[in-house]
Amino acid sequence: MGTMLQFSAAGQDFGAYRAEPAGRVRGAVVVIHEIWGLVDHIKDVADRFAAAGYLAVAPDLMGLAGLDATLLAELGADRSDPARRTEIQPRIRAAMEPMREPGRAGQIQAGVAAVFEHLEASAEGAGRTAVAGFCFGGSYSFALAVAEPRLAAAVPFYGHANYTVAELAGIRCPVLAFYGEEDKALTDDLPGLIERMREAGVDFRYTVFAGAGHAFFNDTNPVSYRAEPARIAWTETLELLDRTLG
């Protein structure tokens, strides 16, 4: 069972879930949630990192994003019901509208940076702090890698990375990305990202899982979850952390 921490960024306070290993700490991981917020699934993922020996901190970025955490958590739960998915899509789009406001991305990035600084300044995370994120969090995992040269590793699950070669050249850590083959909004753009990463000289590795779509790692959503891709992705994530942090 983890504990809650308090942070401040962009003039706002926000909380974060901290999961600490029982034994030797092998490094630290910033865990960034999906668009549904800091729900129990993300806390469970942080607990899994802790069980593997890593201090994990998962920030609640919904306030910084201008989003209604309670509403989106409810909509996210409804989305797991196939009969409700089409019905709630307009409500999801409306609930996410504040994300379009100018400056929101910068506020979210400031929150992620505050958590990274907290871990980087700690004995457990100094020189060995990574990031892992999912969907919304996958995109902001890429963003942290671009902005933070001290980052030790980045593991974006189905995140967007609309960066130029010059921006990607700021990445100093290995990046391991995961996608579902059926998530065409991302896989259609992947060849271009691969080429830009190559030109930027980034250690970029990726896996595209057949028979999987967006959010295949989320085992609380029976519609999207795919057990074998999730297992493989988790194994590869821990292998990367072992090489770079442990």
Side-chain angles (χ1 to χ4, degrees), residues 27-38 41-42 45-46 48-49 54 56-59 61 65 99 105 108-109 111-113 115-116 119 129-165 167-198 200-209 212-218 224-226 229-241 243-245:
V29 185
V30 182
V31 182
I32 311 179
H33 57 68
E34 297 175 295
I35 197 62
W36 317 117
L38 185 59
H41 166 64
I42 296 300
V45 172
R48 293 182 218 176
F49 277 118
Y54 301 98
V57 176
L61 301 167
M99 283 283 292
I108 297 165
Q109 289 171 15
V112 174
V115 175
F116 173 83
L119 290 172
T129 294
V131 65
F134 306 86
C135 180
F136 167 96
S139 299
Y140 282 98
S141 296
F142 275 120
L144 183 62
V146 168
E148 182 47 73
R150 295 170 295 169
L151 188 67
V155 187
F157 282 71
Y158 27 86
H160 288 274
N162 299 321
Y163 297 100
T164 66
V165 172
E167 290 167 331
L168 293 173
I171 298 176
R172 295 288 181 266
C173 67
V175 178
L176 175 63
F178 297 110
Y179 306 91
E181 184 181 49
E182 297 166 7
D183 192 0
K184 296 300 184 183
L186 294 178
T187 56
D188 286 353
D189 291 339
L190 184 56
L193 176 60
I194 294 167
E195 177 59 23
R196 295 195 305 278
M197 286 286 198
R198 185 194 64 78
V202 179
D203 179 0
F204 179 58
R205 304 179 190 186
Y206 61 94
T207 300
V208 179
F209 293 103
H214 197 73
F216 68 80
F217 190 79
N218 189 336
S224 62
Y225 177 60
R226 298 293 182 270
R231 184 194 66 79
I232 294 170
W234 184 248
T235 299
E236 292 185 3
T237 296
L238 294 185
E239 288 173 350
L240 176 65
L241 298 187
R243 292 196 304 272
T244 56
L245 309 186

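These figures come from a predicted structure and were not determined experimentally. Every heavy atom of this structure was used, including side-chain atoms; hydrogens, water molecules and symmetry mates were not.
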Sequence neighbours excluded and cut-off under 3.5 Å, please list the side-chain donor-acceptor pairs for residues 168-183, or say none.
{"from": "Arg172", "atom 1": "NH1", "to": "Ala169", "atom 2": "O", "distance (Å)": "2.5"}
{"from": "Asp183", "atom 1": "OD2", "to": "His214", "atom 2": "ND1", "distance (Å)": "2.6"}

Please tabulate, one pair per line, all N/O donor-acceptor pairs under 3.5 Å involving side-chain atoms of residues 229-241, not counting sequence neighbours.
{"from": "Arg231", "atom 1": "NE", "to": "Glu228", "atom 2": "OE1", "distance (Å)": "3.1"}
{"from": "Arg231", "atom 1": "NE", "to": "Glu228", "atom 2": "OE2", "distance (Å)": "3.3"}
{"from": "Arg231", "atom 1": "NH2", "to": "Glu228", "atom 2": "OE2", "distance (Å)": "2.6"}
{"from": "Thr235", "atom 1": "OG1", "to": "Arg231", "atom 2": "O", "distance (Å)": "3.0"}
{"from": "Glu236", "atom 1": "OE1", "to": "Thr207", "atom 2": "OG1", "distance (Å)": "3.4"}
{"from": "Thr237", "atom 1": "OG1", "to": "Ala233", "atom 2": "O", "distance (Å)": "2.8"}

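Here the side chains of Arg196 and Leu193 are in contact, with some heavy-atom distance below 4.5 Å. A 4.5 Å side-chain heavy-atom check between Thr129 and Phe116 finds at least one atom pair inside the cut-off.
Between Ala56 and Phe49, the shortest heavy-atom distance links the atoms CB-CB, 3.9 Å. Residues Val146 and Glu167 approach most closely at CG1-O, 3.5 Å, considering heavy atoms. Scanning all heavy atoms of the two residues, the minimum distance from Gly37 to Ile42 falls at O-CG1, 3.9 Å. Taking each heavy atom of Ala65 and Ile108 in turn, the nearest pair found is CB-CD1, 3.7 Å. The two residues Met197 and Phe142 have their closest heavy-atom pair at CE-CE2, 3.9 Å. Residues His160 and Ala185 come closest through the heavy atom pair CE1-O, 4.4 Å.
For His33 and Phe136, the ring centers sit closer than 6.0 Å to each other.
In this structure, Phe216 and Phe157 have tilted ring planes: the angle between them lies in the 30° to 60° band.
Using a distance-only test at 3.5 Å, with no hydrogens or angles considered, no donor-acceptor pair links the side chain of Thr244 to the main chain of Ala153.
Within the structure, side-chain hydrogen bond (donor to acceptor under 3.5 Å, both in side chains) contacts touching residues 130-149 (residues at least two apart or in different chains) are Glu148-Arg150.
Among residues two or more places apart in sequence or in another chain, the side-chain hydrogen bond (donor to acceptor under 3.5 Å, both in side chains) test is passed with Thr187 by none. Listed by chain and residue number, nothing satisfies the ring-ring contact (aromatic ring centres under 6.0 Å, His included) test with Tyr163 (two or more places apart in sequence, or in another chain). In this structure Tyr225 satisfies the ring-ring contact (aromatic ring centres under 6.0 Å, His included) test with no other residue, sequence neighbours excluded.
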*Starting from the C-alpha separation in whole Å, work towards a yes-or-no answer on side chain to side chain contact (heavy atoms under 4.5 Å, CB included) for Tyr206 and Leu190.*
CA-CA 9 Å; Tyr206 61 94; Leu190 184 56; 3.9 Å; yes

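In this structure, the separation between CZ on Phe217 and CD on Glu34 is 10.0 Å, given to the nearest 0.5 Å.
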